Amino acid sequence: QLQLEESGGGLVKLGGSLSVSCAASGRTFSDYAMGWFRQASGNQREFVAAITGSGKTTSYADSVKGRFFISRDNARNRVLLQMNSLKPEDTGVYYCAANPYNSISSGPNGYNYWGQGSQVTVSS
């Protein structure tokens with residue numbers, strides 16, 4: 001089992017920056033690709049960004065490209081999502097997830113382990 005716990009998030013104004021972090025425990029962290037998803041109220045969970053176990057390859061949803069940046073620190077078992085130029089449509093619960101096949105996947109079914117989520121709210 002891999003346990004994931006998000007932290008960070010919160011309330012920020014339009015155009016502001018925020019980060020969410022995910023701490024992992026229980027297994028070898030670098031064996032897993034990591035992803036961030038978000039879910040707005042009444043909407044389906046959507047892909048935001050992903051990173052391979054080595055950190056060499058990343059992928060982003062078109063809606064966040066150039067504004068969000070995913071990174072990881074395998075020595076500290078953490079993955080970070082830095083969010084800049086935030087918009088109200090970025091509001092939602094942000095989840096980190098782990099993919100045991102260490103591949104970039106934009107679908108939630110590609111991930112076996114999920115955190116509990118962290119709320120991000122962008123006000124206009």
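Note that the structure is predicted; figures quoted are calculated from it, not measured.
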Asker: Please name the pair of heavy atoms, one in E6 and one in S118, separated by the smallest distance, quoted to 0.1 Å.
Answerer: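 In terms of heavy atoms, the two residues are closest at CB-CB, 3.9 Å.
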Asker: Do any N or O atoms from the side chain of T91 and from the backbone of V122 form a donor-acceptor pair under 3.5 angstrom?
Answerer: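 Side chain of T91 to backbone of V122, a donor-acceptor pair under 3.5 Å: yes, one is there.
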Asker: With sequence neighbours left out, what residues match Q44 under side-chain contact (heavy atoms from CB on, under 4.5 Å)?
Answerer: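 None.
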Asker: Can you give me the closest heavy-atom contact between P88 and S124, atom names plus distance?
Answerer: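 Answer, listing the atom of P88 first, then S124: CG-CB, 4.0 Å.
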Asker: Does T121 have any side-chain hydrogen bond (donor to acceptor under 3.5 Å, both in side chains) partners at least two apart in sequence or in another chain, and if so, which?
Answerer: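 By the side-chain hydrogen bond (donor to acceptor under 3.5 Å, both in side chains) rule, T121 matches Q119.
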Asker: What closest approach, in Å, do S85 and S17 show between heavy atoms, and which atom pair accounts for it?
Answerer: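 In terms of heavy atoms, the two residues are closest at N-OG, 4.3 Å.
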Asker: Check whether Y113 and V48 end up in the same hydrophobic cluster, where Ile, Leu, Val, Met, Phe, Trp and Tyr are linked by side-chain heavy atoms less than 4.5 Å apart.
Answerer: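 Y113 and V48: one cluster.
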Asker: What residue pairs, at least two apart or across chains, pass salt bridge (Lys or Arg N to Asp or Glu O under 4.0 Å) with a residue in residues 89-116?
Answerer: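 Applying salt bridge (Lys or Arg N to Asp or Glu O under 4.0 Å) to every pair that reaches into residues 89-116, excluding sequence neighbours, yields R38-D90, R67-D90.
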Asker: With sequence neighbours left out, what residues match T58 under side-chain contact (heavy atoms from CB on, under 4.5 Å)?
Answerer: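 side-chain contact (heavy atoms from CB on, under 4.5 Å) list for T58, sorted by chain: I51, Y60, I70.
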Asker: Nearest 0.5 Å, please: how far is OG1 in T28 from CG in N77?
Answerer: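 If I round to the nearest 0.5 Å, the distance is 8.5 Å.
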Asker: Distance check, rounded to the nearest 0.5 Å: L86 atom CG versus L11 atom CG?
Answerer: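 Interatomic distance, L86 CG to L11 CG, rounded to 0.5 Å: 11.0 Å.
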Asker: Any ring-ring contact (aromatic ring centres under 6.0 Å, His included) involving residues 71-111? Give me the pairs, sequence neighbours left out, ordered by first then second residue.
Answerer: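 Listed once each, the pairs are F37-Y111.
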Asker: Tell me which pairs pass disulfide (SG to SG under 2.5 Å) where either residue lies in residues 41-93, with sequence neighbours left out.
Answerer: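 Residue pairs with at least one partner in residues 41-93: there are none.
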Asker: Would R27 pass as a cation-pi partner of Y32, given that its NZ or CZ must be under 6.0 Å from the six-membered ring centre and within 45 degrees of the axis?
Answerer: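 Not flagged: R27 not positioned over aromatic ring of Y32.
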Asker: Using a 4.5 Å cut-off on heavy atoms from C-beta on, say whether the side chain of R45 contacts that of W114.
Answerer: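 W114 vs R45: side chains touch.
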Asker: Could you tell me which residues satisfy side-chain hydrogen bond (donor to acceptor under 3.5 Å, both in side chains) with T52, sequence neighbours excluded, listed by chain and number?
Answerer: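 For T52, no residue satisfies side-chain hydrogen bond (donor to acceptor under 3.5 Å, both in side chains) once neighbours in sequence are set aside.
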Asker: Which residue pairs satisfy the disulfide (SG to SG under 2.5 Å) criterion with at least one member in residues 16-114, sequence neighbours excluded?
Answerer: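 Applying disulfide (SG to SG under 2.5 Å) to every pair that reaches into residues 16-114, excluding sequence neighbours, yields C22-C96.
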Asker: When you measure from the side chain of N74 to the backbone N and O of G53, does any donor-acceptor pair fall under 3.5 Å?
Answerer: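 Yes: the side chain of N74 pairs with the backbone of G53.
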Asker: Should V12 and V20 be regarded as members of a common hydrophobic cluster, given that ILVMFWY residues are connected when their side-chain heavy atoms come within less than 4.5 Å of each other, either directly or indirectly?
Answerer: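 Linked, V12 and V20 end up in one cluster.
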Asker: Apply side-chain hydrogen bond (donor to acceptor under 3.5 Å, both in side chains) to N112 and list each qualifying residue two or more places apart in sequence or on a separate chain.
Answerer: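 Counting only residues at least two positions away or on another chain, N112 forms no side-chain hydrogen bond (donor to acceptor under 3.5 Å, both in side chains).
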Asker: For the atom pair OG (S25) and CG (L4), what is the distance rounded to the nearest 0.5 Å?
Answerer: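 Rounded to the nearest 0.5 Å, the OG-CG separation comes to 7.5 Å.
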Asker: Does anything in residues 64-87 pair up under ring-ring contact (aromatic ring centres under 6.0 Å, His included), and if so which pairs, sequence neighbours excluded?
Answerer: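 Of all non-adjacent pairs touching residues 64-87, none passes ring-ring contact (aromatic ring centres under 6.0 Å, His included).
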Asker: My understanding is that only residues two or more places apart in sequence, or in another chain, count here; which of them pass side-chain contact (heavy atoms from CB on, under 4.5 Å) with E5?
Answerer: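 Here the qualifying residues are Q116.
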Asker: Please report the closest heavy-atom contact between A33 and N102, naming both atoms and the distance.
Answerer: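 Minimum heavy-atom contact is N-OD1, 3.4 Å.
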Asker: Could you tell me which residues satisfy side-chain contact (heavy atoms from CB on, under 4.5 Å) with S7, sequence neighbours excluded, listed by chain and number?
Answerer: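 For S7 the side-chain contact (heavy atoms from CB on, under 4.5 Å) partners, ignoring immediate neighbours, are S21.
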Asker: Tell me whether V79 shares a hydrophobic cluster with V93, the cluster being built from Ile, Leu, Val, Met, Phe, Trp, Tyr side chains joined at under 4.5 Å.
Answerer: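 No, because V79 and V93 fall into different hydrophobic clusters, even though each may have its own neighbours under 4.5 Å.
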Asker: Applying a strict under-4.5 Å side-chain criterion to I, L, V, M, F, W and Y, I'd like to know whether F47 and V64 cluster together.
Answerer: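 No, it is not one cluster - the side chains of F47 and V64 are not joined through contacts under 4.5 Å.
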Asker: What is the distance from atom CZ of F29 to atom CZ of R78, rounded to the nearest 0.5 Å?
Answerer: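 Spacing of CZ (F29) from CZ (R78) equals 9.5 Å.
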Asker: From M34 CE over to L81 CG, what is the distance, rounded to the nearest 0.5 angstrom?
Answerer: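 M34 CE to L81 CG: 11.5 Å, rounded to 0.5 Å.
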Asker: Over all heavy atoms of both residues, which pair between N43 and Q39 is shortest? Give the atoms and the distance, please.
Answerer: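 Minimum heavy-atom separation between N43 and Q39: O-NE2, 3.0 Å.
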